[in-house]
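Structure record follows, encoded as structure tokens.
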Amino acid sequence: MIGLIAVTAAGRAAASRLAVAWPAPATRNYPGPAAQAVQRAFCECDQIVCFLAVGATVRLIAPLLTSKATDPGVVCVDESLTFAVPVAGAHEGGGNILANGVAGVLGATAVITTASDAVGIPALDEFGAGLGLRVDPGSRLAEVGAAVLSGRRVTLSTDQAWPVPALPQNVTATAGPEPGVPAIVITDRVTSAGPGQVIYRPPSLILGAGASRGVTAAEMGDLMDEALAEAGLSAGSVRQVATIDLKEDEQGLLAAARERGWEVTGFASAELAVVVVPNPSEAVRAATGTPSVAEAAALLAAGRGAVLAAPKRKSARATVAIARRAARGRLALVGIGPGARDLITPRSVAELRRASVVVGLHQYVDQIRDLLRPGTHVLASELGAEEERAAAAVDQARAGRAVALIGSGDAGIYAMASPALESADGSIDVVGAPGVTAALAAAAVLGAPLGHDHAAISLSDLHTPWEVIERRISAAAAGDFVICFYNPRSRTRGGHLAKALALVAAHRPPQTPVGMAADASRPGQRVMLSTLAGFDPAQADMRTLVVVGSSATRIVAGRMVTPRGYVWREG
Ligand code: SAH
């Protein structure tokens, strides 16, 4: 919940705008004198917005602050609603994100003062959070963060190739920390951060657990802790406890997992029975239908390439084993939109910032280079060589890196996502960040041409025989679809668009509207409306999207409109 504190008329008006944007229970007003309101909100809320001067806010919250790990994010907004300033809890408390949200609602500017955010380097406390890395308590975040920012040499060592975001050039990969050099260490092994060190825990371990009815949380928990300690593994790398579905309601097991912040997942005995384990037991098979619960569940949850890091160990009523997941690289398929900066989605931006390797065409990389973290490795190539580019991205992900493969519009539409996934196997994680495809950008400037069923057809015969393209054009035309022609022309394919329009003309009247948007949303955007009979294909080039209307499409006040075509209400 976000507490809202305002003491002036302007502040109260602005607070009610926030309350409209984020209705209760997301927000709550704290009326009354500011000092009491701040005190109450501080205890009750995850975040606070104060419509007060920064100085006043600082005085009010100062006695209440305890630790940046637990303090709420506090954002101040000035009386003229010009600035939203996070003054506490900027990272863990979500203050920076809140300030951006508040700025968005009020039309203010967020004033971000945490150094790493301001220069585009991931703050070490958030570094890798989107990729599942957690900071180990005791890490010297401020010290190492300052070293990273100052350009001093910092080492980065990891015992498995976990995908991590880009870090600047002064952070160099080494086998392990070096004396006197600030270090970032990614490991699931028990170590504690020494001076000048930050340790991240990867999400690498799965605890497998079996239990007899009535096991206590203490017995279960002790066995879990012992198993980890004996194997020299850190509880910070455990995210999940895996068991048999029969035990998903075993209270001692659930309580032990909950106390440690771990989720519990259950598998059916048939699923567990087929997992090959080192220590099967006939007695267990007789009781549960699978010869192994703890080892099998851990390995199954840990997925492909997992190994058993600790074989099962038992107490009177509990069994525990530990599996280690294989490090998996990550391939993000990122659409960067049709060209305008405000048509790239926030999710695509987040994926670009999460990546340590970005793969794409030069012209597209150039569009987003300023969004990349310092130190991002860029593999840019010329037009063509699509297979190589896709393969390079997959190879980088297989090597364990966080990779973003970018494409204009949407990366999955006539673009790199399919060749990449055709050559990718199950050893990497894949996420898609959709983009605004050219048809949408063009439709938005033409009017509403896609209001009813529509088809996309690429006129490029590089990957598809021309006869097939012709067949599809005729089928879409016969089906009375609105048709978006991608890749309408190139130097080598001068006549394709004219042929395509002739095929459509066999099924539509000559006055059918045809819209064209070249460089939609980019500088130099050109928009043209014409008809099947009147359209000159020479107007279109490779930067153009051509939309041919259906039999219902009309021009209304200079805009291309395809009616929705069904009746809203009866009678
Ligand atoms: N993945 C892209 C499409 C790649 S095919 C997307 O989703 O948009 C390339 C074709 O897309 C171009 O030949 C052109 O027809 C169209 N195109 C891409 N960007 C465009 C833009 N800004 N304006 C008009 N057409 C565009």
Side-chain angles (χ1 to χ4, degrees), residues 332-345 347-348 351-352 359-368 381-387 389-390 393 404-421 432-447 449-450 454-464 469 472-473 476 482-501 514-530 535 537-548 560:
L333 305 165
V334 180
I336 62 166
R341 174 47 61 88
D342 58 354
L343 288 182
I344 179 169
T345 68
R347 183 174 302 188
S348 288
E351 286 300 343
L352 293 175
V359 183
L361 276 180
H362 273 297
Q363 62 188 103
Y364 301 146
V365 172
D366 288 345
Q367 271 178 45
I368 48 91
S381 53
E382 298 302 333
L383 208 60
E386 297 199 339
E387 272 73 24
R389 210 156 58 237
L405 176 59
I406 63 169
S408 81
D410 181 88
I413 296 183
Y414 306 124
M416 301 303 302
S418 343
L421 294 195
V436 175
T437 188
L440 299 183
V445 293
L446 288 168
L450 309 183
H454 52 277
I457 297 181
S458 165
L459 296 186
S460 164
D461 59 357
L462 287 177
H463 304 283
T464 314
I469 299 174
R472 291 190 176 168
I473 297 168
V482 172
I483 307 176
C484 303
F485 287 114
Y486 283 73
N487 297 306
R489 260 176 81 95
S490 76
R491 256 175 280 124
T492 53
R493 298 194 299 278
H496 282 182
L497 182 58
K499 284 189 208 158
L501 295 176
V514 173
M516 182 200 100
D519 283 321
S521 91
R522 299 178 191 143
Q525 165 179 297
R526 282 183 300 130
V527 184
M528 215 182 71
L529 277 179
S530 180
F535 185 77
Q539 291 288 327
D541 59 19
M542 278 307 277
R543 309 158 71 90
T544 306
L545 193 105
V546 176
V547 185
V548 181
M560 190 174 177

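For the numbers below, each heavy atom of this structure counts, side chains included, while hydrogens, waters and symmetry mates do not. Quick note: residue numbers are just sequence positions, from 1. Since the model is a prediction, treat every value here as computed from it, not as a measurement. For ligands, and for the atoms within them, numbers begin at 1 and follow the listed sequence.
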Checklist entry - Nearest protein heavy atom to atom 7 (O) of ligand 1, by residue and atom, and its distance? => result Thr437 OG1, 2.6 Å

Next on the checklist: Under 4.0 Å between a side-chain nitrogen and a carboxylate oxygen: does that hold for Arg489 and Asp541?
Outcome noted: no

Checklist entry - N/O of Met542 under 3.5 Å from N/O of ligand 1, yes or no? => result yes

Checklist entry - Any N or O on Pro338 sitting closer than 3.5 Å to an N or O of ligand 1? => result yes

Checklist entry - In the protein, what heavy atom is nearest to atom 21 (C) of ligand 1, and what distance, to one decimal place, separates them? => result Ala520 N, 3.6 Å

Item to check | Least distance between heavy atoms, Tyr414 atom then Ser458 atom | outcome: OH-N, 3.3 Å

Checklist entry - Would you say Leu361 and Asp366 make side-chain contact, with heavy atoms under 4.5 Å? => result no

Next on the checklist: To the closest 0.5 Å, what do you measure between SG (Cys484) and NE2 (His454)?
Outcome noted: 6.0 Å

Next on the checklist: I'd like to check Arg522 versus Arg543 (side-chain heavy atoms, cut-off strictly below 4.5 Å). Are they in contact?
Outcome noted: yes

Checklist entry - What is the minimum heavy-atom distance between Ala415 and Asp410, and which atoms define it? => result CB-O, 3.9 Å

Checklist entry - Are any of the N/O atoms in Ser521 less than 3.5 Å from those in ligand 1? => result no

Checklist outcome for this item: Here the pair of heavy atoms bringing Ser408 nearest to Ile336 is CA-CG1, 3.9 Å

Checklist entry - Numbering the atoms of ligand 1 from 1, which are under 4.0 Å from a heavy atom of Gly409? => result 6 (C), 7 (O), 8 (O)

Checklist entry - Is Ala517 touching ligand 1 with its side chain, its backbone, both, or neither, if touching means heavy atoms under 4.0 Å apart? => result backbone

Checklist entry - For Ile413, is at least one N or O under 3.5 Å away from an N or O on ligand 1? => result yes

Next on the checklist: Quick test: of every protein heavy atom, which one is nearest to atom 9 (C) of ligand 1, and how far off is it to 0.1 Å?
Outcome noted: Asn487 OD1, 3.3 Å

Checklist entry - Quick one: does Val436 get an N or O within less than 3.5 Å of an N or O on ligand 1? => result no

Next on the checklist: To check your reading of the model: name the closest protein heavy atom to atom 4 (C) of ligand 1, its residue, and the distance in Å.
Outcome noted: Tyr414 O, 3.5 Å

Item to check | Closest contact, heavy atoms only, Leu405 versus Met416 | outcome: CD2-CB, 3.7 Å

Checklist entry - So which heavy atom on Leu333 is nearest to which on Ala417, and how close? => result CD1-CB, 3.9 Å

Checklist entry - Short N/O distance, under 3.5 Å, between Ala411 and ligand 1? => result no

Next on the checklist: Rounded to the nearest 0.5 Å, what separates atom CG in Leu446 from atom CG in Leu529?
Outcome noted: 6.0 Å

Item to check | Leu501 side chain reached by Val548 side chain, heavy atoms, under 4.5 Å | outcome: yes

Item to check | Nearest neighbour in protein (non-hydrogen) for atom 24 (C) of ligand 1 | outcome: Arg543 O, 3.1 Å

Checklist entry - How far is atom 15 (O) of ligand 1 from its nearest protein heavy atom, and which residue and atom name does that atom have? => result Thr544 O, 2.6 Å

Item to check | Subset of ligand 1 atoms that lie under 4.0 Å from at least one heavy atom of Leu545 | outcome: 24 (C), 25 (N)

Item to check | Residue, atom name and distance, where the atom is the protein heavy atom closest to atom 8 (O) of ligand 1 | outcome: Ala438 N, 2.9 Å

Item to check | Region of Arg522 that comes within reach of ligand 1 [heavy atoms, distance under 4.0 Å] | outcome: side chain

Next on the checklist: With nothing but distance in play, are any N or O atoms of Asp410 less than 3.5 Å from an N or O of ligand 1?
Outcome noted: yes

Checklist outcome for this item: Counting from 1 in the order shown, the ligand 1 atoms closer than 4.0 Å to a non-hydrogen atom of Asp519 are 22 (N), 23 (N), 24 (C)

Checklist entry - Under the 3.5 angstrom rule, does the side chain of Ser521 hit a backbone N or O of Ala340 as a donor-acceptor pair? => result yes

Item to check | Polar side-chain atom of Thr544 near backbone of Ala518 as donor-acceptor pair, under 3.5 Å | outcome: no

Checklist entry - When you look for heavy atoms under 4.0 Å from ligand 1, do you find them on the side chain of Ala415, its backbone, both, or neither? => result side chain

Checklist outcome for this item: The closest protein heavy-atom partner of atom 2 (C) of ligand 1 is Ser408 O, 3.2 Å

Next on the checklist: Looking at ligand 1, is there an atom of it that comes within less than 4.0 Å of some heavy atom belonging to Ala441?
Outcome noted: no

Next on the checklist: Out of all atoms in ligand 1, which are within 4.0 Å of some heavy atom of Pro488? Include the element for each.
Outcome noted: 15 (O)

Next on the checklist: Hydrogens and angles aside, do Ser460 and Tyr486 bring a side-chain donor and acceptor to less than 3.5 Å of each other?
Outcome noted: no

